[in-house]
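Everything below concerns the one structure shown next.
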Amino acid sequence: MAYRYRCGECGFTTRWATESEVEDLAVAHYADRHPRMIPGGSVEINRKNPNSLGCVPLFGLACLLLFLLIASCQR
């Protein structure tokens with residue numbers, strides 16, 4: 001599953017990550033931006049596509065195809 005944290009004090013949000021990574025990022029954010037406050041906010045779960053990698057696979061495929069096209073043109 002993928003999780004994202006939203007700060008309860010400001011508009012800060014983390015990237016989609018594992019639950020433990022999001023918790024660490026939230027604690028670090030509060031220590032840096034809101035010292036002496038108890039961490040609050042909310043955690044979202046990516047229910048649409050919890051294993052989503054975004055457009056990274058598509059970008060990788062496009063780069064591979066471009067590389068193959070360039071390699072075939074040099075012959």
Side-chain angles (χ1 to χ4, degrees):
M1 288 242 155
Y3 298 86
R4 178 169 62 185
Y5 166 78
R6 289 187 182 272
C7 180
E9 313 303 324
C10 64
F12 173 77
T13 58
T14 63
R15 67 185 186 282
W16 291 105
T18 64
E19 189 174 13
S20 61
E21 287 176 308
V22 167
E23 183 179 345
D24 292 343
L25 291 170
V27 169
H29 169 74
Y30 262 82
D32 183 47
R33 301 291 180 159
H34 313 291
R36 295 179 295 236
M37 291 186 79
I38 298 172
S42 60
V43 176
E44 298 177 61
I45 300 172
N46 188 349
R47 296 186 190 277
K48 282 184 176 178
N49 191 358
N51 298 319
S52 174
L53 294 175
C55 61
V56 173
L58 183 61
F59 179 73
L61 182 61
C63 289
L64 178 63
L65 290 174
L66 182 62
F67 175 75
L68 292 174
L69 179 67
I70 291 171
S72 68
C73 290
Q74 291 181 355
R75 291 183 186 181

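For the numbers below, each heavy atom of this structure counts, side chains included, while hydrogens, waters and symmetry mates do not.
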Side chain to side chain contact (heavy atoms under 4.5 Å, CB included) between Cys7 and Arg33, intermediate numbers included
CA-CA 10 Å; Cys7 180; Arg33 301 291 180 159; over 6 Å; no
Co-members of Leu61 in a cluster of I, L, V, M, F, W and Y side chains, linked at under 4.5 Å
Leu65
Does any non-hydrogen side-chain atom of Pro39 lie less than 4.5 Å from one of Glu23?
no
Can Val43 be reached from Val27 by stepping across I, L, V, M, F, W or Y side chains whose heavy atoms are under 4.5 Å apart?
no
Shortest non-hydrogen contact from Tyr30 to Met37?
CD2-O, 4.1 Å
Test of understanding: with side-chain hydrogen bond (donor to acceptor under 3.5 Å, both in side chains), list the residues that count as partners of Tyr3, not counting sequence neighbours.
none
Counting only pairs under 3.5 Å, give me each side-chain donor-acceptor contact of residues 13-20, with atom names and distances, residues two or more places apart or in other chains.
residue, atom, partner, partner atom, Å
Thr14, OG1, Tyr5, N, 2.9
Thr18, OG1, Glu21, N, 3.3
Thr18, OG1, Glu21, OE1, 3.0

Counting only heavy atoms not in Leu66, do more than 12 sit closer than 6.0 Å to its CG atom?
yes
